[in-house]
Amino acid sequence: MVDIAPTSDALLMAKPAPRTQNLGQIIRWLLLFIGGVIMIMPIAYMISTSLKWPHEVYNVNLIPEEPTIDNYIFVLEDGRFYWWFVNSIIIATITTICNLLFDSLVGYTLCKFRFPGRTIVFIAILSTLMIPTEMLVIPWYLMSQSFGWLDSYWGIMFPGLMTAFGTFLMKQFFESVPDDFIEAARIDGLNELQIWWTVAMPLVKPALAALAIFVFLGNWTAFLWPLIVTNSVDMYTIPVGLSGFGDEADVAWELIMTGAAISTIPTLVVFLIFQRFIIRGVVMAGLKG
Amino acid sequence: MANLALRKLAKSYGSIEVLHGISLDVADGEFVVFVGPSGCGKSTTLRMIAGLEETSSGIIEIGGREVNNLEPKERDIAMVFQNYAIYPHMSVKKNIAFGLRSSKMPKVDKEKRIQEVAGILDMVDLLDRKPDQLSGGQRQRVAIGRAMVRNPAVFLFDEPLSNLDAQLRTQMRLEIKKLHQRVGNTIIFVTHDQVEAMTMADRIVIMKDGHIQQVGTPAEVFHKPANTFVARFIGAPSMNLLAGQIDGTTVSLDAGQQLTVPTLVQTQSGGVLLGVRPDDLHPNSANPILAGTVTLREPLGPETLIYVETPSGEIIAKADGRMPPAVGETVQLGADPENLHVFDAASGQALT
Ligand SMILES: Nc1ncnc2c1ncn2[C@@H]1O[C@H](COP(=O)(O)OP(=O)(O)O)[C@@H](O)[C@H]1O
Ligand SMILES: [Mg+2]
């Protein structure tokens, strides 16, 4: 997501293109250009490095002297990368689905129901945002150890199946679903779970799409926790696996960059699938015109 | 179809009581309109009938059955909201069918019922559209369709027309009234617009600050208002109220004039307010009440409203549409004695 934002911004800015190019305009363009370059450079180097021979990796030239696709062939034929890819896909997908369900269920409840302790629950959930992952991994690890979850999918996934951020996001978006819709459905005889699913959820599709992209990317690139909780190479996710690519003596940057380049493909696919749903103003159409 | 009864229905939010024990009987098939200024508790009452809001005390009966502890879906009611509340992600047909979701009707019958309702509302061609492809009036019709499709015992409408423009509102008013004549279900209709109330209702319930002020047919509340609030709320422009003293059937206005009013329900002496509607007050009438200077004219076509500065304050009267008195002219205003209303000055209650 991060690498796409500046380009689309630049496109938006380009459209009006007035003839009078004053100084402010030039400065704005310059800043955008610099921002764009800063964003693009690491990606450009990633792709460039993945096309280099090992001896050229430490040269700063962006265009490889002798481009090669041998790295790609090597990585794709290497059995380990295949498994890491599958692991990452499974973990990111399941985590994303769970977040969409659980975050929106909890967010909906906090938003649309009045019950004793509601504010306390909400504050408790929000306060977990203030604790950094680096501190949480210790209790997570102790938990995983005592429950025997180490080195398993469940062990990698369980801390992220529901997030405070997602819950907060969904709660805020459910505020935009008018109570009239919910009450109308109640009169029509739906139970609360049916109302959530058939009435409220379709109305917050843009938020669900944004959350899906966010959670998928977050889990796709997660490094610290999967590194700690996994032991066997077969259970690694892509970031964990790539970090150790190469032999004991040397880090094979060209292979790491190749794996990284390949692993951006699913994130692009997820982004392209879900960004279609991020269309504003869906909710308002059913209300007064 | 069923009758509806409210018995000492009250509602408090925290320590604030917003509805103070109202009682009302609505006959089967009756079209009752709740009208009153914003914040008087109309929606609260309706939502309690629907089961969306808990009652603080009192009883609600639908079809002779106490429904206080029933879920909305068990009360055999349907509600149309001010904001329509039709689902933007569903087609018109799906929206209407939504009302039948929990019914056990066979699929074929459901389909027939949807077509029937669409036919009544003249929406057969619109069934596949999404709400954002409909006009405001059409959306409101979808909302009504969703309510109709279940053929509920009682229809509840909460200001369903207030988001429509004036012309559409008049049209929908007629359509809803026709619909009622056709389907005959009991209807409770909430509005703050007295014209809607007058034109649609079999009976009007006028509310203010959580109290019922008067219940009656449109003619009753117009011609025999129970108090000054009703007198001024119903009818536009509002009734003129002139301060005075009564003795027997003689009212002496504070501004000096004396006149005879019809016999009172209870003879009384003391401070009163003499009420006369602009429609009943004309210049150069045979029964003069008071004189004043015309300050403003509002031509309405057949008639002209004149604003007259009198010793009793500004008064509105109706003059001929072709030859209204000029601004600045002094006019003698008069009204037929039987069109005069007398209210107790202290309590505001009608004495006529
Ligand atoms: N949820 C609520 N909490 C507190 N007060 C409320 C609530 N809903 C309505 N009220 C109050 O109850 C009174 C009646 O409201 P309402 O029935 O909506 O009026 P109306 O529909 O006649 O305009 C108002 O004074 C309003 O402020
Ligand atoms: Mg209201």
Side-chain angles (χ1 to χ4, degrees), chain A residues 100 104 108-109 111-119 170 173-212 274-289, chain B residues 43 46-47 49-53 71-90 92 94-104 129-140 142-143 146-147 149-150 152 155-156 158-165 168:
Chain A
L100 293 184
S104 60
Y108 179 76
T109 308
C111 173
K112 293 298 182 190
F113 293 92
R114 302 278 169 272
F115 52 89
R118 172 171 159 273
T119 318
M170 293 317 298
F173 264 84
F174 280 121
E175 302 279 1
S176 70
V177 175
D179 289 342
D180 281 3
F181 283 171
I182 293 165
E183 293 181 339
R186 228 167 256 165
I187 288 178
D188 283 338
L190 273 69
N191 65 36
E192 299 302 327
L193 209 59
Q194 289 171 318
I195 295 174
W196 165 73
W197 182 252
T198 52
V199 176
M201 285 293 264
L203 295 176
V204 294
K205 266 189 199 158
L208 291 171
L211 184 62
F274 283 104
Q275 59 113 30
R276 287 189 301 131
F277 295 111
I278 309 183
I279 307 160
R280 305 209 100 259
V282 196
V283 172
M284 290 319 288
L287 290 176
K288 57 179 178 180
Chain B
S43 296
L46 204 69
R47 292 164 53 80
I49 297 172
L52 295 171
E53 202 85 64
E71 291 289 313
K73 62 180 168 194
E74 299 163 330
R75 296 188 180 200
D76 202 7
I77 46 110
M79 186 155 167
V80 177
F81 293 83
Q82 177 175 355
N83 289 331
Y84 321 153
I86 55 174
Y87 308 115
H89 55 292
M90 298 180 193
V92 169
K94 280 228 172 97
N95 262 289
I96 295 179
F98 210 77
L100 287 177
R101 264 183 75 108
S102 53
S103 121
K104 302 232 168 5
R129 294 216 196 156
K130 283 278 181 67
D132 59 4
Q133 298 166 310
L134 299 177
S135 69
Q138 288 169 331
R139 284 180 205 181
Q140 192 53 280
V142 176
R146 198 178 62 195
V149 74
R150 266 186 300 149
F155 272 116
L156 306 171
D158 192 355
E159 311 216 13
L161 308 183
S162 40
N163 285 331
L164 303 178
D165 61 47
L168 208 53

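Per chain, numbering begins at 1; letters A, B, ... match sequence-line order. What you are looking at is a predicted structure, and each value in this text was computed from that prediction instead of being measured.
Qualifying side-chain contact (heavy atoms from CB on, under 4.5 Å) partners for A:Lys205, counting only residues two or more places apart in sequence or in other chains: A:Phe277.
Inter-residue side-chain proximity for B:Met79 and A:Glu183 is flagged as unmet; no heavy-atom pair is nearer than 4.5 Å.
Ranked by non-hydrogen atom pairs under 4.5 Å with chain A, the options B:Gln133, B:Met90, B:Arg150, B:Glu74 are led by B:Arg150. Chosen from B:Arg146, B:Arg75, B:Glu71, the residue pairing most often with chain A at heavy-atom distances under 4.5 Å is B:Arg146.
Between the NE2 atom in B:His89 and the OG1 atom in A:Thr198 there is a gap of 6.5 Å [rounded to 0.5 Å]. The line from CG of B:Leu52 to CD1 of A:Ile182 is 11.5 Å long, rounded to the nearest 0.5 Å. The structure places OH of B:Tyr87 at 9.0 Å from CG of A:Leu203, a figure rounded to the nearest 0.5 Å.
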Query - side chain to side chain contact (heavy atoms under 4.5 Å, CB included) evaluation trace for A:Leu190 with B:Phe98 - result: CA-CA 9 Å; A:Leu190 273 69; B:Phe98 210 77; 3.5 Å; yes
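Listed here is the closest heavy atom pair of B:Ala85 and A:Phe181: CA-CE2, 3.2 Å. The minimum heavy-atom distance between A:Ile187 and B:Ala78, with the atom names listed, is CG2-CA, 4.1 Å.
Around atom NZ of B:Lys94, no more than 12 heavy atoms belonging to other residues, nucleotides or ligands sit under 6.0 Å away.
In summary, A:Asp188 and B:Arg101 do not engage in a salt bridge, as defined by a charged side-chain N under 4.0 Å from a carboxylate O.
The parts of B:Ile77 that come within reach of chain A are both its backbone and its side chain, each placing non-hydrogen atoms under 4.5 angstrom from that chain.
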